[in-house]
Amino acid sequence: MELTRISFTPKQSTSPCDILIGEGIFPEIRSSLESMIETPSSITIITDSNLKKYAKGLRKDLSKYAKTNIVSFRAGERQKSFQTAVELLSKFAALGVDRKGIVFCLGGGVVGDLGGFVSSIYKRGITYFHVPTSLLAQVDSCIGGKTGIDMDFGKNQVGTFFQPRGVFIDPNFIDSLPKVELVNGIAEMVKSSIIASKRLFERLKRSDFDSIDELKRFIADCCKIKSKIVSADEKEDNLRSILNYGHTVGHALEASSNYSLSHGRSVILGMQAEGWIAKELGIFAKEDFVQQEEMLKKFERNGDSIRPRKKELLKYALMDKKSSSGIIRMSLPEKIGKMHRTKSGNYLVPVSEKLFLGSISRL
Ligand SMILES: NC(=O)c1ccc[n+]([C@@H]2O[C@H](COP(=O)([O-])OP(=O)(O)OC[C@H]3O[C@@H](n4cnc5c(N)ncnc54)[C@H](O)[C@@H]3O)[C@@H](O)[C@H]2O)c1
């Protein structure tokens, strides 16, 4: 089997992360595990209600290696909550998981964020791996060790930085992903290109986003972009904030819709708003802003009923983790493939409330 391997150890960390990408990867997982870690006392696979059949397949392969259990929760962003985290922790305890137990998060970004979170706090942290099954998880969320849950005061407001020991990506999972979910991954792919790779942007421009086989070809490129950024700045002291392009407005829209607006659609709208702010500030070159607009227009959908409540969005933006001392801060593009740095080298730019609200009016 042809495997792509990306390994990195974040600068501020001692623990490496190995990413393996290949079609039909399950049989590889067990042999790779042996080279990565000592034999675990148990394996717990966390998954959601839609993906149990895949979890059972993985359990079949892994149970020859160590006692393997599956724990699951109802699919959906609304389950990325404290309550589900507590339920999972109780299940770990009931199964007798100890510090030598390991976890596999098999699923989309919700399983990954939640599974990573409980792995990071159970017994003060146990080793975990990702097996991402959605396009979004394969091109973005499975890398970087950001874990988290949503709270009533905002999305991802509670969480940890905790690197997975490994990530196993099988692009064939995408074949069964509902079409409507694809846009979530595409949004993060487009974001990756705008923040870091003009070449990827040009390839995406020529792409037929309806072809799943074509989408699969971008997975490794996106993983390389993200691992390079995380490797340089694991804890988001500066550079890593560029991965949040489109997400200040995006997360606010998502939370204020009570998660009826998907992450991908929110990020697309978020990039439209934040790109416009960058252009108004004279940061984003006009011709590149136009190119971004043309790209994002492809994903406009009439069915998306967004009723932006400006005051509420402003509240969420001020709660955003990049904002501080009551000032909204965003990472903004200078041109396609390059993010702006202030004179002092900071990737975050203060944005006035007036400009923020102006960008919302455009949506
Ligand atoms: N940690 C990070 O760095 C990071 C980065 C980006 C996004 N995220 C988070 O990721 C989440 C969104 O992830 P998502 O879009 O994967 O959502 P998701 O996990 O809810 O998955 C979407 C739906 O697709 C189903 N699904 C997943 N894989 C499937 C497959 N192969 N076949 C059939 N159905 C499948 C799931 O069961 C779910 O119903 C958000 O919570 C977002 O905040 C985290």
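Indexing begins at 1, ligand by ligand and atom by atom, following the structure's order.
The nearest protein atom to atom 32 (N) of ligand 1, hydrogens excluded, is given as Ser176 OG, 2.8 Å; this is a heavy-atom distance. Residue, atom and distance of the protein heavy atom nearest to atom 37 (O) of ligand 1 are Asp48 OD2, 2.7 Å. Regarding atom 21 (O) of ligand 1, its nearest protein heavy-atom neighbour is Gly108 CA, 4.2 Å. When hydrogens are left out, the protein atom nearest atom 43 (O) of ligand 1 is Lys155 NZ, 2.8 Å; that is the closest non-hydrogen contact. From the protein, the heavy atom lying nearest to atom 4 (C) of ligand 1 is Ser141 CB, 3.2 Å. Among protein heavy atoms, the minimum distance from atom 22 (C) of ligand 1 is reached at Glu181 OE1, 3.3 Å. When only non-hydrogen protein atoms are considered, atom 41 (O) of ligand 1 lies nearest to Glu77 OE1, 2.6 Å. For atom 9 (C) of ligand 1, the closest heavy atom belonging to the protein is Asp113 OD2, 3.4 Å.
For the residue pair Thr44 / Asn69, no side-chain donor-acceptor distance below 3.5 Å is found, with atom types taken as modelled. With hydrogens and angles left out, the side-chain atoms of Gln291 and Glu287 include no donor and acceptor closer than 3.5 Å. Checked by atom type, the side-chain pair Lys310/Ser361 shows a donor-acceptor distance below 3.5 Å. Side-chain atoms of Ser72 and Ser49 include no donor-acceptor pair closer than 3.5 Å. Defined by atom type and a distance below 3.5 Å, a donor-acceptor pair is missing between the side-chain atoms of Asn244 and Ser331.
The aromatic ring centres of Phe26 and Tyr54 sit 6.0 Å or more apart.
Not a single N or O atom of Val111, backbone or side chain, sits closer than 3.5 Å to an N or O atom of ligand 1. For a threshold of 3.5 Å applied to N or O pairs, the pair formed by Phe173 and ligand 1 contains at least one separation below that value. Any N or O atom pair closer than 3.5 Å counts here, and Thr133 shares at least one such pair with ligand 1. In terms of N/O distances under 3.5 Å, ligand 1 is approached by Ser134. Looking at Asp140 next to ligand 1, no N or O pair under 3.5 Å apart turns up. Polar contact with ligand 1: present for Asn50 (N/O pair, distance under 3.5 Å).
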### Task
Please step through side-chain contact (heavy atoms from CB on, under 4.5 Å) for the pair Phe92 and Lys123, ending with a clear verdict.
CA-CA 10 Å; Phe92 281 14; Lys123 311 252 182 215; over 6 Å; no

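Residue Leu243 does not touch ligand 1, judged by heavy-atom distances below 4.0 Å. For Val110, heavy-atom contacts with ligand 1 shorter than 4.0 Å involve the backbone as well as the side chain. Using a 4.0 Å cut-off between heavy atoms, Asn156 contacts ligand 1 through its side chain alone, with no backbone atom that close. Heavy atoms of Pro178 found under 4.0 angstrom from ligand 1 belong exclusively to the side chain.
For Lys226, the heavy-atom gap to ligand 1 drops under 4.0 angstrom. Residue contacts with ligand 1: Glu188 is included, with a non-hydrogen atom under 4.0 Å away.
Residues Lys146 and Asp140 are not paired through a salt bridge, judged by the lack of any N-O separation under 4.0 Å between the basic side chain and the carboxylate. With respect to Glu77 and Lys155, a salt bridge is recorded, a charged nitrogen being found less than 4.0 Å from a carboxylate O. Between Glu34 and Arg30, at least one side-chain N (NZ, or NE/NH1/NH2) sits under 4.0 Å from a carboxylate O, which counts as a salt bridge.
Considering Ser266, Gly148, Gly109 only, the shortest heavy-atom separation from atom 17 (O) of ligand 1 involves Gly109. Of the listed residues (Leu136, Ile149, Thr47, Asn172), the one carrying the non-hydrogen atom nearest atom 12 (C) of ligand 1 is Leu136.
Tested against Glu274 for a side-chain contact (heavy atoms from CB on, under 4.5 Å), the candidates His247, Lys279, Met330 yield a single pass: Met330. Tested against Leu318 for a side-chain contact (heavy atoms from CB on, under 4.5 Å), the candidates Ile328, Ile327, Leu313, Thr248 yield a single pass: Ile328. When the options Val111, Ile70, Thr68, Leu62 are evaluated for a side-chain contact (heavy atoms from CB on, under 4.5 Å) with Phe104, the one that passes is Leu62.
Distances below 4.0 Å separate heavy atoms of Asn184 from the following atoms of ligand 1: 15 (O). For ligand 1 and Lys80, the ligand atoms under 4.0 Å from any heavy atom of the residue are 40 (C), 41 (O), 42 (C), 43 (O).
Annotation: the span from Asp61 atom CG to Ile29 atom CD1 amounts to 7.5 Å, rounded to 0.5 Å.
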